[in-house]
Amino acid sequence: MSVDLSQFIPSFLEESFEGLELMESSLLTLEAGDNETIHSIFRAAHSIKGGAGTFGFNEVTEFTHLVETLLDEMRDGRREINQQDIEILLESVDCIRLLIESARDGEPCEDEKIAKTSALLTETLNATKTESPSDESPVSTEDNGAENLTYWKIQFLPEHQLVQTGNDPLLLFNALADLGEVTLHANADELPPLTEMHAEELYLNWHIDLVSTCSEDDIKEIFEWVEDECELIIHKASPQKQEATEHTASVASKLTSTDTLQSKTPSQAQPAPASRSNDKKSTAKPKTEVGSIRVGVDKVDSLINLVGELVITQSMLSELGSDFDMTKLDKLTSGLEQLLQNTKELQESVMRIRMLPISFAFNRFPRLIHDLSKKTGKSIELVIKGEQTELDKTVMEQIGDPLVHLVRNAADHGIEPAETRLAAGKPEQGTITLDAYHQGGNIVIEISDDGGGINRQAVLTKAIEKGIVEPNASLSDAQVFDLLFEPGFSTAKEVSDISGRGVGMDVVKRNIQALGGRIQVESEQGKGSTFKVNLPLTLAILDGQLVRVGEEVYIIPLIAIVESLQVEPKLVNRASGDMVLYRLREDNVPVLPVYQLFNLPADNTNINESLLVVVEADGQKVGLMVDDLLAQQQVVIKSLKDNYQQVEGVSGATILGDGSVAMILDIQGMINIALQRAQREQRNIEKVAS
Amino acid sequence: MTKILVVDDSNSIRDMVNFTLKSAGYQTDDAKDGLEGLNKAKASAFDLVITDVNMPNMDGITLCQELRKLPNFRFTPILMLTTESSGDMKMRGKAAGATGWLVKPFNPDKLLATIKRVVR
């Protein structure tokens, strides 16, 4: 029978990636004499190799074998642990990851890094001229081709204690019988007198005649486990061709079973059938990863509890409803309240399932810093805080790359070279701190360094040079630092291969904004900089402020709202044409009447009597003119693009409690609209003037 | 019914061995390391133990030695499941009382064929 193991590939992959992470983090902390750590690294490599072999991921197996051999030497103390070897092993971890990924996608891996690292490994291994155990396939049978029946004479003389290791001669004979026709002759010559006989010892030996097409190796393989506990003599009986033909008939029945065994044997040398079918599968649907989440049992238990309570509430309510009269109104109200409570808790629990500790995203940074230290020649320490802070899985997956970019930046531009640091009276080793914590409904991730800080003047000069700001513009610190996120902006004097190609910071910002988050910079010259990334905990639910315009209800993301106010007529400035500005402390905020934007009949079109909701995105403020402020509530975001089409100024929709659909305003989009209008006005004025 | 104890620290290997054995009609139980395996062995009888060598807490060699000390396991076949096919590792297994070894990569057909040599 053939067993299809391809169903286990996903769990093998997951386990392997975990193993690689463990290898990486352990290698980074590995010190000489730390045997437990080497053991755990070895075990991880060992498991990957074993699993990869099973699924026929031969490239992974071969590569990992080299790594394993090197680790084995370290483990046995035959090799000193030095930094150079650790570097090679770290590179190898990357290579194994690449190989596994390409094995998963069913594509050949063509990264030159593999060959390079593999050569390095081989070289390192050969340098110590330790014989690598190369008797990998002791069971492969090359010369099983003999179609002709052979007469084997086997003498099997087991030692007395053979049975004490759990071996059983009878089972071995059964296995021989699978190869061909077996005739047994037991020899009891060595049987001692009954008084001297030991119940746990074996005193018999056997002469076995075997008629089979098998090779000598096939026979040896059966006795493989007992070969050092017995005397085994195998020889071909003198060729008795004539006799053979006589026997053919009697052995014919046996041949069928021999055939099946023969047909199996060659397959051992090739990838197992299971893995081949997998290859096909993975090429058929490449890279359609079905993400899975590991959920703590406690989270599942709390869900089950909640569902239980929900069921109780539901049955109570339906009982109440079956014969309801007004005297039971109190009961109904409390029942509904309970339902609300249950639903809320259930929602929270379900959301919690998607939440993972941010350590998943932070885990790759020790390695990154290690590599960056080496590349830049700066000594950098990484401090990670708040790694247990939980974050939605989707958000986590998408925030990884922007964070990497920010950390690279901190290492490359933030931390100064050692001489500069020492001259400034700072410790030689720079520190980069990663911190994560919850604040309101958001998660804040801080990347700070104790480097030189951002040179305000340099940024400004560069921005003026690039024509991003006017030469005589007066900007606040925050506004200056925000220039870093302008497309095409890079202050690094030389472009290094670590960061500073001028693409990146703007992408970082865009990625963060796409997640509904924002990024802020704080910096002090000479002391260092802090990049603060503010992200919503989840993408599926949003805290919204419901507002009314005419008959319609819109939702404004609470995170975008600066304040809501009743317009004070004396603060309203009509700039030019239709453009209205509202004086909000030191800012002039453009007013955007929502009714105009969506062409709605509004209750109130007079700016002087209206309500303004001041929202902010990307450092820009705009005042949205609405008729009424309604409740604040959490809304579930439904994509408008998936269900209808993209609409300007609207980021999505939700269904309200009464079943009606409400649009969620896209603040960034609204601001863009307001800015475009302002520019149009400006042009009109210029036209009129000329 | 033949009952087999599978001891391996790798989830996927354990699952695969279990699956293979079950599909051939064997009854199985599993443990994630030698220590857990030993405790399971003390708690109930098995007709065969298949164990990995490299495991945290207690490795396969030690497990084998410990099992041989238990009256119930004096003659129970114990197979080492390992990628280390060097003679040295085999000898260490044998010295610890192992019945035999299975060389990874783990091949289901091969596994089923070879365990027939030690269990009925």
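Quick note on labels: first sequence line is chain A, next is B, and so on, each numbered from 1.
- In this structure, the portion of A/Glu229 lying under 4.5 Å from any heavy atom of chain B is its side chain and not its backbone.
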- [ ] Decide side chain to side chain contact (heavy atoms under 4.5 Å, CB included) for A/Thr54 and B/Met16; before the verdict, give the C-alpha distance in whole Å, the side-chain angles of both, and the deciding distance to 0.1 Å.
- [x] CA-CA 10 Å; A/Thr54 303; B/Met16 285 188 289; 4.0 Å; yes
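- Considering only heavy atoms from C-beta on, B/Asp52 comes within 4.5 Å of A/His46 through its side chain.
- Looking only at side-chain heavy atoms (C-beta outward), A/Arg75 and B/Asn54 come within less than 4.5 Å of each other.
- Atom OG of B/Ser12 and atom CD of A/Gln7 lie 12.0 Å apart (nearest 0.5 Å).
- Highest contact tally toward chain A, considering only B/Leu111, B/Leu79, B/Ile78, is held by B/Leu79 [criterion: heavy-atom pairs under 4.5 Å].
- Contact annotation: the side chain of B/Asp9 approaches that of A/Arg43 to within less than 4.5 Å [non-hydrogen atoms, C-beta and beyond].
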TODO: Could you walk me through whether A/Glu224 and B/Thr114 pass the side chain to side chain contact (heavy atoms under 4.5 Å, CB included) test, one step at a time?
DONE: CA-CA 11 Å; A/Glu224 190 188 4; B/Thr114 44; over 6 Å; no
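- Neither the backbone nor the side chain of A/Leu162 comes within less than 4.5 Å of any heavy atom of chain B.
- Considering every non-hydrogen atom in both B/Val118 and A/Asn167, the closest pair reads CG1-OD1, 4.0 Å.
- Here the closest heavy-atom approach between residue B/Thr99 and residue A/Trp225 is recorded as O-CB, 3.2 Å.
- In this structure, the side chains of A/Phe223 and B/Arg117 stay at 4.5 Å or more apart for every pair of heavy atoms.
- Contact annotation for residues 65-75 of chain B against chain A (heavy-atom separation below 4.5 Å, listed by residue number): B/Arg68, B/Arg74, B/Phe75.
- Within residues 34-45 of chain B, no residue approaches chain A closer than 4.5 Å by heavy atoms.
- Heavy atoms closer than 4.5 Å to chain B are found in the side chain of A/Ser47, but not in its backbone.
- The candidate with the highest count of non-hydrogen atom pairs below 4.5 Å against chain A, out of B/Asp15, B/Ile13, B/Thr76, is B/Asp15.
- Residues passing the side chain to side chain contact (heavy atoms under 4.5 Å, CB included) test with B/Asn18 are B/Val6, B/Arg14, B/Thr28, B/Asp30, sequence neighbours excluded.
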Open item on the list: Applying salt bridge (charged side-chain N to carboxylate O under 4.0 Å, His left out) to A/Glu227 and B/Lys94, what does each step give before you reach the verdict?
Closed with: CA-CA 11 Å; A/Glu227 65 188 358; B/Lys94 276 301 224 185; over 6 Å; no
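- Contacts between A/Gln164 and chain B at a heavy-atom distance below 4.5 Å involve backbone atoms as well as side-chain atoms.
- Heavy-atom pairs under 4.5 Å with chain B peak, among A/Ile222, A/Thr61, A/Leu170, at A/Ile222.
- Enclosure of atom NZ in A/Lys220 is not indicated, since only 12 or fewer non-hydrogen atoms of other residues, nucleotides or ligands lie within 6.0 angstrom.
- In this structure A/Phe8 satisfies the ring-ring contact (aromatic ring centres under 6.0 Å, His included) test together with B/Phe19, sequence neighbours excluded.
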